[in-house]
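Okay, structure first, notes after.
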Amino acid sequence: PSFGFLFDIDGVLVRGKTPIPAAKTAFQKLVNSQGQFLVPVVFVTNAGNCLRQKKADQLSHLLGVPISQDQVMMSHSPLRMFKRYHEKCVLVSGQGPLLDIAQDLGFCQPITIETLREKHPLLDVVDHDRRPNVLVSEYFSVVLFGEPVRWETNLQLIIDVLLTSGFPGNPHHHENYPHIPVLACNMDLMWVAEAQSPRFGHGTFMVCLENIYKKITGKDLKYEALMGKPSKLTYQYAEYLIRAQAAERQWKQPIQTLYAVGGSATLSQDDEIDNSWETELASAAAARCRSVLVCTGVYNPHTEVPLDTRESITETVFHGHRDFRFDPGLVEPDHIVPDVDAAVDLVFQLENFAP
């Protein structure tokens, strides 16, 4: 095959924990009688609260086909390339087995918000009953894996770390700018679960953090890297996984087209973000990427795209991240289909592919 699939999960394969009926049908078309994939497939999710293997197991159960962890790309997966941070002490924020996730990615000294709170109980005025003596060194960077449970605690302590250059027990110094590096995964403002309307995502937490920092210091919070859809880094890393999969299966034909099947119409590009990670990836081999939008996610077919992007703030609401520029050409999908089963049928037709 000369093409590959990048599948979103939320809104495409599931809504919350409820499978979308078309998903299992679609994936029966993508495997042979032995359960092997006929084309390279990578699942690209902005979730960041578990290890790849757990997500692969969930997908295998959901779709009825064997999925390996090498086919799963979490929002934090590109952090494997940020080796210059792996040996340093990093403060991690989010949910799930954060230390396991961080260590699996290569971080040797991850520290959770909870550990920081225990070390400096007076920093968290909401709850400071416990005061065990936990040794914590200087923090050299902050990694935001996903939305935490206790936003007020995470917001307070992350701000403390940023305004003290990694020594949260010290007084704030607004002149500590630029602040220590911040790497963030998953910029989704909202996401689709079982509720009738979209729910707050990690992007909403980031909006809070950015605005609190700006209000206190008068300066913009800077990110060393943003990853997760729709960042350029995420799609480059996904293509790397597609090519690795094709090489492992010894498919000789080069991958020329990637089909990104998603439930949101928005694709964006990053501006003013450090791109030193690009040396970690081989140059892109695919000639093009085509977007296939399904109607089972957050997509609203009645949303209008502004004619003049300079008037975008008044004409429409842009839900992308602050550091991404709005481009109408990246909001218009190449194809719109009812569901993921129709997406697979369409791609097979476009590629003249007969399983």
Side-chain angles (χ1 to χ4, degrees), residues 4-31 35 37 39-77 94-97 101 145-147 149 185-204 228-230 234-235 238 241 259-267 291-301 319 333 335-347:
F5 282 101
L6 306 178
F7 285 105
D8 195 355
I9 296 176
D10 290 315
V12 176
L13 307 179
V14 296
R15 287 182 69 98
K17 294 182 180 179
T18 305
I20 290 174
K24 186 169 283 190
T25 306
F27 275 81
Q28 291 303 316
K29 299 174 182 177
L30 289 170
V31 297
F37 277 89
V39 298
V41 168
V42 167
F43 299 89
V44 185
T45 176
N46 272 355
N49 60 351
C50 67
L51 294 164
R52 290 181 302 156
Q53 187 60 59
K54 181 177 180 180
K55 184 61 70 173
D57 292 343
Q58 292 173 347
L59 289 169
S60 298
H61 177 73
L62 169 76
L63 301 172
V65 297
I67 309 293
S68 77
Q69 67 171 3
D70 293 330
Q71 291 178 279
V72 176
M73 181 174 173
M74 311 294 290
S75 62
H76 48 62
S77 292
Q95 295 184 49
I101 293 169
F145 280 118
E147 64 271 23
V149 175
C185 314
N186 177 10
M187 294 80 68
D188 284 349
L189 189 73
M190 313 280 270
W191 67 288
V192 173
E194 288 90 348
Q196 293 299 308
S197 300
R199 304 292 86 197
F200 287 162
H202 188 218
T204 305
K229 298 168 298 177
T234 289
Y235 288 105
L241 294 179
Y259 291 94
V261 182
S264 169
T266 304
L267 293 174
S291 55
V292 183
L293 177 63
V294 299
C295 298
T296 49
V298 297
Y299 167 63
N300 180 355
H319 288 168
H335 306 280
I336 301 177
V337 295
D339 54 40
V340 65
D341 187 38
V344 171
D345 287 343
L346 172 67
V347 171

For residues 62-74, which side-chain N or O atoms pair as donor and acceptor with protein atoms under 3.5 Å away, sequence neighbours left out?
unit_1 : atom_1 : unit_2 : atom_2 : d
Ser68  : OG     : Asp70  : N      : 3.4
Gln71  : OE1    : Ser68  : N      : 3.1
Gln71  : NE2    : Val41  : O      : 3.4

To the closest 0.5 Å, what do you measure between [atom1] ([X]) and [atom2] ([Y])?
X      : Y      : atom1 : atom2 : value
Asn49  : Ser75  : CG    : OG    : 8.5 Å
Lys55  : Arg52  : NZ    : CZ    : 13.5 Å
Thr296 : Asp10  : OG1   : CG    : 10.5 Å
Cys50  : His76  : SG    : NE2   : 6.5 Å
Arg199 : Met190 : CZ    : CE    : 6.5 Å
Ile9   : Asn46  : CD1   : CG    : 10.0 Å

Compare all side-chain heavy atoms of [X] with those of [Y] and state whether any distance is below 4.5 angstrom.
X      : Y      : answer
Tyr235 : Lys229 : yes
Ile20  : Val12  : no
Glu147 : Thr204 : no
Ile101 : Leu51  : yes

Whether Asn186 side chain and Gly228 backbone form a donor-acceptor pair below 3.5 Å: no

Under 3.5 Å, is there a donor-acceptor pair between the side chain of Trp191 and the main chain of Pro198? no

With [X] via salt bridge (Lys or Arg N to Asp or Glu O under 4.0 Å) - residues at least two apart:
X      : value
Asp341 : Lys29
Lys24  : none
Asp57  : none

Only pairs at least two apart or in different chains count here, so list each ring-ring contact (aromatic ring centres under 6.0 Å, His included) that has a residue in residues 10-30. Phe7-Phe27, Phe27-Phe43

Would you name the heavy atoms of Ile336 and Cys295 that are closest together and state the gap between them? CG2-SG, 3.8 Å

Mind checking what makes side-chain hydrogen bond (donor to acceptor under 3.5 Å, both in side chains) contact with Thr234, not counting sequence neighbours? Ser231

Worked verdict on Leu30 versus Phe5 for side chain to side chain contact (heavy atoms under 4.5 Å, CB included): CA-CA 10 Å; Leu30 289 170; Phe5 282 101; 3.7 Å; yes

